[in-house]
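Count residues from 1 along the sequence.
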Amino acid sequence: MFKIISSVILTLQSSLSFLFSGGEVAMNLADSNKLSVEAKKFVDGGTRSLGTCALANHLANAGFSMLNGFLVGSYCGWIWGVFTTVFSLLGLWYLGELVPKVTAAKAPEVFLNKHARKLLAAKSLLAPIVERIVAEEQKCEVKENEKELVSAARMADEEWSLSKLPIYQDRRHKDLT
């Protein structure tokens, strides 16, 4: 029974971490012209929306880890405890941090449009805490020159990029490139 409850907690923890980690990335990359009304409302929340994602992600990861650790340690034995620890360390990093950030970076508008209601619900639930920490609700905007830098950095990683060409070295001056 406790192993089932522990598995449900791990699933819930991974799902919440996925939502809020992806939300952080998506709200900074999304084109507001392609967002639904709800998603736009969340993104326009600016620093408070970003604070909501950060706090909720932390609560999901730390809070559920402590709850699950207590449950597993008290009732399920060391083998299940090892599984839970390994899953928390590796599984949450992959499922709750890496995958959602990559997913949200590839299609930020799709991510926000799909999860806007949940993000807004979390924002209203955590508002009393977030509003005490984050004084203003400034819109998080990426300036045009920052967008150009990001675009240039992505192009530098492309296979055809000049930065991928072998560097010529003069035999007379080996220290020069």
Sort and list the pairs that fulfil salt bridge (Lys or Arg N to Asp or Glu O under 4.0 Å) and have at least one residue in residues 103-116, not counting sequence neighbours.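 Listed once each, the pairs would be none.
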
Scan residues 92-102 for pairs that pass salt bridge (Lys or Arg N to Asp or Glu O under 4.0 Å), counting only residues two or more places apart or in two chains.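 Sorted pair list: E97-K101.
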
Those residues that, when tested against S36, pass side chain to side chain donor-acceptor pair (under 3.5 Å) (two or more places apart):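 N113.
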
Mind listing the closest non-hydrogen atom pair of [X] and [Y] along with its distance?
X    : Y    : answer
K123 : G45  : NZ-CA, 3.3 Å
N57  : S21  : ND2-OG, 3.1 Å
M27  : G46  : CE-O, 3.5 Å
G22  : A104 : O-CB, 3.2 Å

Would you say [X] and [Y] make side-chain contact, with heavy atoms under 4.5 Å?
X    : Y    : answer
L50  : N28  : yes
C53  : F42  : yes
L59  : L126 : yes
L120 : K41  : yes

Where does the angle between the aromatic ring planes of F111 and F18 fall among parallel (under 30°), tilted (30 to 60°) and perpendicular (over 60°)?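 The arrangement is tilted - the two ring planes meet at 30° to 60°.
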
For K118, is the NZ atom crowded, meaning more than 12 foreign heavy atoms sit under 6.0 Å from it?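 Check passes, neighbour count above 12.
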
In the single-linkage hydrophobic clustering (I, L, V, M, F, W, Y; side-chain heavy atoms under 4.5 Å), do V130 and L125 co-cluster?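 Not linked; separate clusters.
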
Same cluster for L29 and V110 if Ile/Leu/Val/Met/Phe/Trp/Tyr side chains link at under 4.5 Å?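 Different clusters.
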
Find the distance between OG1 (T11) and CG (L16) and round it off to the nearest 0.5 Å.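 T11 atom OG1 to L16 atom CG measures 11.0 Å (nearest 0.5 Å).
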
F20 CZ to S15 OG distance, which is reported to the nearest 0.5 Å: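 With rounding to 0.5 Å, CZ (F20) is 11.0 Å from OG (S15).
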
Take L119 and L112 through the test side-chain contact (heavy atoms from CB on, under 4.5 Å) and record every step on the way to the result. CA-CA 9 Å; L119 291 167; L112 283 172; 3.9 Å; yes

Side-chain (S17) to main-chain (Q13) donor-acceptor, under 3.5 angstrom: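 No, because the side chain of S17 does not come within donor-acceptor range (under 3.5 Å) of the backbone of Q13.
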
